[in-house]
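Every chain is numbered from 1, with letters handed out A, B, ... down the list of sequences.
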Amino acid sequence: MTVGARVGITRDHPMSDTTSTLESVRRAKADAWRARGHLPFGNDPGPLNTIASIRATHDGHDSAALDAAHADTRYRVAGRVVAMRDTGKLVFAKLRDGSGEIQLFCSARDLGEDFSLLKEIDLGDIVLVEGRPMRTRAGELSVLAKSLRPLSKSYTPIPSEWFGISEVETRYRQRYTDLIANYPEVNEVFRARSIIVRALREWLDDRDFMEVETPTLNSVRGGATAKPFTTHHNALDLDLYLRVAPELYLKRLIVGGLDRVYEIGRVWRNEGLSTRHNPEFTILEFYQAYATYRELMDETEELVTHVDARLVARFPRFAHGRSFSLARPWRRVRMLDAVTHALQKRHPDLLGIWANGMGLAGWGRVRAAVLTTPSLQREHRDYLNKCTTAGETLFALFELFAESFLVDDYRTADDGQSVPVFIVDYPFDVSPLARKKDTDKQTAQYGEGFPVTFTDRFELFVEGRELANAFSELNDPDDQAERFRAQLGNRERGDEEAMDFDEDYIRALSHGMPPTAGFGLGVDRLVMLLTGQKSIRDVVLFPLLRPESDGR
RNA sequence: GGGUCGUUAGCUCAGUCGGUAGAGCAGCGGACUUUUAAUCCGUUGGUCCAGGGUUCGAGUCCCUGACGACCUACCA
């Protein structure tokens, strides 16, 4: 254990009097265990029954049935004592193991010698009980204890079962305490996360995707535009980056003939923290040779609804009261149309200029008009002013006027819930790894000489949150090399998020990559969405926090 | 980075006008063989986040700092 890591102990202030009193009382009780021949941190409890299995077995049995058929049944249960009600010669305790909780019925008559041990049990202690199933007069299924053995002493009191702990800092710094004190809610969120990740794997495995692991220590930055963390390998005297995305490695595997691959893993981005951003987070990426981004939209609907079905089957409560609907089919809206629609609703003054200008390849006029529109906030104008191409401008307009309002603009027929929206066709300028829309399709869909070149790319937004990003992959090595060079140009202009020129990736593509569609999904955000958590810190067990200072 | 708010007993929280710290739960002692936040009687427990200032006197007012939350910005 780390020095000073114990609750209530810091270097400068050893212990408050209260903490030391509460703890010394418990240490004295541990000594009492020793005097009885029990180790305060014993082991080897032997075979056990889980609390959930006992509950399941006797779910429908009434008191008489249990007494008649199970007088000689012996269950062995071990867990943490989380409540005790002492009525004299009868003590009711609540025991919790990893599967659930059950009441212990402890009487002086049935426990004999061991009954006096209860005086030395504190809330939070781990104990082993042997006994038979019974129901109390109130009808609660309980274990009638025939013997009691203490297993582990809890020196530090757990916070009150009733109030839990609410100070968020403690909840994140001491997640173990949070899990105990805020049972079962916090516990269930992380069980939900596990179910969700398992369901993602299940869906992919069922479709013959192969799970792989690619390097997280990279010598070349790539796969996403983001600031990386840097580190160093001593033996090779080599500066390395923690990956910001697995993308380029997974596509190398497509070149190698692994036609369907996926990875669920951690990526690191050296950026700010917020309720939606943690510096390390979990991403799912999959790549499917011979597919296009169109097919991936169907698959995305299937994948997310499959995962949700698995989650809700286990924890129905997470489906209650949602402000969004996952009912298929989901909306598919071209970015251009989303912007037009949004301007129509919120900036009709811009719309006329916009519609004419874009159609006539006059994006420069649009930009000029936008920049002089008095109704625009200064930050919006600054952002638009930084755009140097029509594509960047379109994307900026999307971010400013459409993205934040997706929840309002796309809703169920009764207006009761928001619906998922695929925003389709991203400008080439902001999509360095996506395939350019084929010329004939661009012309067919956007007309001759439209000032923005589009890619075969979509992003999925649910309840206004960006959840997934996918596109038909760029597999032309010359095109890709050109875009890497453009990234280097951005780097020279001070863009710390620009990618490196990845020579080996170009070499891989030069061997020929089949037409492929690729998909990325923020697992933490999916968990937030499906479990209704407002902060990413509520779905990451140990979120990044500043180290505790001595002053605390 | 900017703004707002918060930090008081182990936990959850009060604390009036600046007058020397309160409750419930937990703990400790006692009663109780069917409790469900058990109940009843008694009781211990405080670097009021830290440092400085104003004042006869600061949990309270002022300044600085630490940590956190929210909003905002940056950012996929």
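Pairing of U39(B), defined by two Watson-Crick or G-U wobble distances under 3.5 Å, is identified with A31(B). In a base pair of the Watson-Crick type (N1 to N3 plus N6-O4 or O6-N4) or a G-U wobble (N1-O2 and O6-N3), with each distance short of 3.5 Å, C67(B) is matched with G6(B). U55(B): no Watson-Crick or G-U partner with both key distances under 3.5 Å is found in any strand. Across all strands shown, G24(B) pairs with C11(B); the Watson-Crick or G-U wobble distances both stay below 3.5 Å. Across all strands shown, U60(B) has no partner, as no Watson-Crick or G-U wobble contact with both distances under 3.5 Å is found. Pair assignment for G18(B) gives none, since no Watson-Crick or G-U wobble pairing has each distance under 3.5 Å.
Taking atom CG of Leu545(A) as the reference point, atom P of U7(B) lies 19 Å away to the nearest angstrom. Rounded to whole Å, the distance from CD on Glu399(A) to P on A73(B) is 12 Å. As a whole-Å value, the separation of Asp524(A) CG from C75(B) P is 21 Å. Whole-Å rounding puts the Ile158(A) CD1 to C25(B) P distance at 17 Å. A straight line from CD of Glu169(A) to C1' of U12(B) spans 17 Å, rounded to a whole angstrom. The interatomic distance linking Leu22(A) (CG) with G46(B) (P) rounds to 11 Å, in whole Å. Atom OH of Tyr172(A) is separated from atom P of U7(B) by 18 Å (rounded to the nearest Å). Rounded to whole angstrom, the span from the CD1 atom of Ile165(A) across to the P atom of U7(B) amounts to 18 Å.
Nearest to the side chain of Thr275(A), among G27(B), C70(B), C11(B), sits C70(B). Residue Glu271(A) has its side chain nearest to C75(B) when only U12(B), C75(B), G68(B) are considered. In the set C75(B), U12(B), C67(B), C75(B) carries the atom at the smallest distance from any side-chain atom of His277(A). Picking from G27(B), U12(B), G68(B) the nucleotide with the shortest atom distance to the side chain of Glu167(A) gives U12(B).
Across all strands, Ser274(A) comes closer than 4.0 Å to no nucleic acid atom at all (heavy-atom distances). Counting any heavy atom pair closer than 4.0 Å across all strands shown, Glu101(A) reaches no nucleic acid atom. Within the nucleic acid shown, Gly164(A) comes within 4.0 Å of sugar-phosphate atoms alone, with no base atom in reach, counting heavy atoms only.
Residues passing the side-chain contact (heavy atoms from CB on, under 4.5 Å) test with Pro184(A) are Glu188(A), sequence neighbours excluded. By the ring-ring contact (aromatic ring centres under 6.0 Å, His included) test, Tyr249(A) pairs with no residue at all, sequence neighbours left out. Residues satisfying the salt bridge (Lys or Arg N to Asp or Glu O under 4.0 Å) criterion with Arg491(A), sequence neighbours excluded, are Asp500(A). Legend: residues meeting ring-ring contact (aromatic ring centres under 6.0 Å, His included) with His38(A), ordered by chain and number and at least two apart, are absent.
Between Phe395(A) and Arg276(A), the residue whose closest nucleotide on RNA chain B is further toward the 5' end is Arg276(A).
With both ends at atom P, the span from G19(B) to G59(B) equals 10 Å, rounded to whole Å. A distance of about 11 Å separates the C1' atoms of G24(B) and A37(B), rounded to the whole Å. Taking the P atoms as reference points, A9(B) lies 8 Å from U47(B), given to the whole Å. Rounded to the nearest Å, the gap between the C1' atom of G42(B) and that of C32(B) is 16 Å. The separation of U16(B) from G22(B), taken at their C1' atoms, amounts to 13 Å, rounded to a whole angstrom. For the C1' atom pair drawn from U20(B) and C25(B), the interatomic distance equals 27 Å after rounding to whole Å. Going from the C1' atom of G27(B) to that of U12(B) covers 16 Å, rounded to whole Å. Rounded to a whole angstrom, the distance from the C1' atom of U60(B) to that of G53(B) is 15 Å.
Contact check, Lys29(A) against C28(B): a side-chain N or O comes under 4.0 Å of OP1 or OP2.
Tyr293(A) and Asp425(A) share a side-chain donor-acceptor pair at under 3.5 Å.
Between Phe286(A) and Tyr262(A), the ring center distance fails the sub-6.0 Å criterion. Phe324(A) has its ring centre no less than 6.0 Å from the ring centre of Phe461(A). In summary, the aromatic rings of Phe471(A) and Phe458(A) are positioned with their centroids too far apart to meet the 6.0 Å limit.
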Protein heavy-atom contacts under 4.0 Å, written 5' to 3' over nucleotides 31-43 of chain B as B (base), S (sugar-phosphate only) or - (none), form the string -BBBBBBB-----
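A cation-pi arrangement is present between Arg457(A) and Tyr426(A), with the terminal nitrogen or guanidinium carbon under 6.0 Å from the aromatic centre and inside a 45° cone about the axis.
Sorted by first and then second residue, the salt bridge (charged side-chain N to carboxylate O under 4.0 Å, His left out) pairs involving residues 523-535 of chain A (not counting sequence neighbours) are Arg193(A)-Asp524(A).
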